[in-house]
S.K.: 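Structure provided below as structure tokens; questions to follow.
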Amino acid sequence: MTDVNKTVTDVNKTVDAKGMTCPMPVLMTAKGIKEIGEGEVMLVEATDAGARSDIPAWATQTGNELIDSAEDGDVLKFYIRKK
Amino acid sequence: MSTDADTPDSMTIIAFSGDLDKLWPTMILSSTGAATGMDVTVFFTFWGLFPLVKDDVRITGNDSMTKALAGMNAPGMKKAKLSKLNIGGSGAWMMRKVAEKNNLMPPEDLLDICKDMGVKLWPCQMTMDLMGIEPDQMIDGLGQPVGAATALQAMSKSQINLFI
């Protein structure tokens, strides 16, 4: 298995922020990252359009790695590896 | 982004207004700042102090004038008015309904999150004295009341300083 596949399929935790509005997706992401170990991957799902820029901004600010993002209909998906 | 892991970015907000529509951004920015690892301080002064009074305290003040001022600025975050078109509270009520419909948390819930995330909530000592607001009338989880010099000290160390 390549490393890229691993990042997307091996999710250690999923944060469901669907239906939540600003600032909740970011607050839930911050809470979730505390619950996984270094190098582990968390999937954040959100429907708030603001999350499209907010989650990457949060990742940059905190130094966690946004390894991939995708859109599934209205659902925005962010894969974040804890630094 | 902070260049040194030992010194996180810092934000200080001077919460001057007690209006509902200004408490919202204060609480959203504070909680989000804490969520991004910032050291966040909110200094509540003048009208901004009334939302820190417990919701079940009907009136504050130690004489007729301070009581009248509290009457015009209903203590407690749940009683906060809109900055414009409050219309005897119906504006604030509508704003809260719209927020609820859009899954936006009320400011008092965001305040609880701020407390959990370690946001420093500093009441202004001078305003407490001026308005006759007693420490036991205020909500739990606040820092010690402080003055302007302490607020400025926090601001001088912050990259982001806001007056809301």
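Chain identifiers are assigned alphabetically (A, B, ...) following the order of the sequence lines, protein sequences preceding nucleic acid strands; residue numbering begins at 1 within each chain. For clarity, every value in this text was computed on a predicted model and none was experimentally measured.
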S.K.: Has B:Lys22 got more than 12 heavy atoms of other residues, nucleotides or ligands less than 6.0 Å from its NZ?
M.R.: no
S.K.: So with a 6.0 Å cut-off around CD of B:Gln159, is the heavy-atom count from everything else above 12?
M.R.: yes
S.K.: What residues of residues 110-141 of chain B make heavy-atom contacts with chain A at a cutoff under 4.5 angstrom?
M.R.: B:Leu110, B:Ile113, B:Met117
S.K.: Sequence neighbours excluded, which residues qualify as salt bridge (Lys or Arg N to Asp or Glu O under 4.0 Å) partners of B:Lys81?
M.R.: none
S.K.: Hydrophobic clusters here meaning ILVMFWY residues chained together by side-chain heavy-atom distances under 4.5 Å, can you tell me if A:Leu76 and A:Tyr79 are in one?
M.R.: no
S.K.: Give the minimum heavy-atom separation between B:Thr32 and A:Pro23, together with the two atoms involved.
M.R.: OG1-CB, 3.2 Å
S.K.: Any heavy-atom pair between the side chains of A:Gln61 and B:Asp9 that's under 4.5 Å?
M.R.: yes
S.K.: Please check if atom CD in A:Glu71 has more than 12 non-hydrogen atoms from other residues, nucleotides or ligands closer than 6.0 Å.
M.R.: yes
S.K.: On a heavy-atom basis, which atom in B:Ala35 and which in A:Val26 lie closest, and how many Å separate them?
M.R.: CB-CG1, 4.1 Å
S.K.: Please answer: with hydrophobic residues joined when any side-chain heavy atoms are less than 4.5 Å apart, are B:Met95 and B:Ile87 in the same cluster?
M.R.: no
S.K.: If you count heavy-atom pairs under 4.5 Å between each of B:Leu104, B:Thr36, B:Leu29 and chain A, which one has the most?
M.R.: B:Thr36
S.K.: What heavy-atom pair brings B:Ile28 and A:Cys22 nearest, and what distance separates the two atoms?
M.R.: CG2-SG, 4.1 Å
S.K.: Backbone N or O of A:Gly19 within a donor-acceptor pair of the B:Asn103 side chain at under 3.5 Å?
M.R.: yes
S.K.: What residues, two or more places apart in sequence or in another chain, satisfy side chain to side chain donor-acceptor pair (under 3.5 Å) together with B:Asp63?
M.R.: B:Thr66
S.K.: Going hydrophobic residue to hydrophobic residue with side-chain gaps under 4.5 angstrom, can you get from B:Phe16 over to B:Leu162?
M.R.: yes
S.K.: Give, as side chain, backbone, both or neither, the part of B:Met38 having an atom under 4.5 angstrom from any heavy atom of chain A.
M.R.: side chain
S.K.: Test of understanding: with salt bridge (Lys or Arg N to Asp or Glu O under 4.0 Å), list the residues that count as partners of B:Lys54, not counting sequence neighbours.
M.R.: none
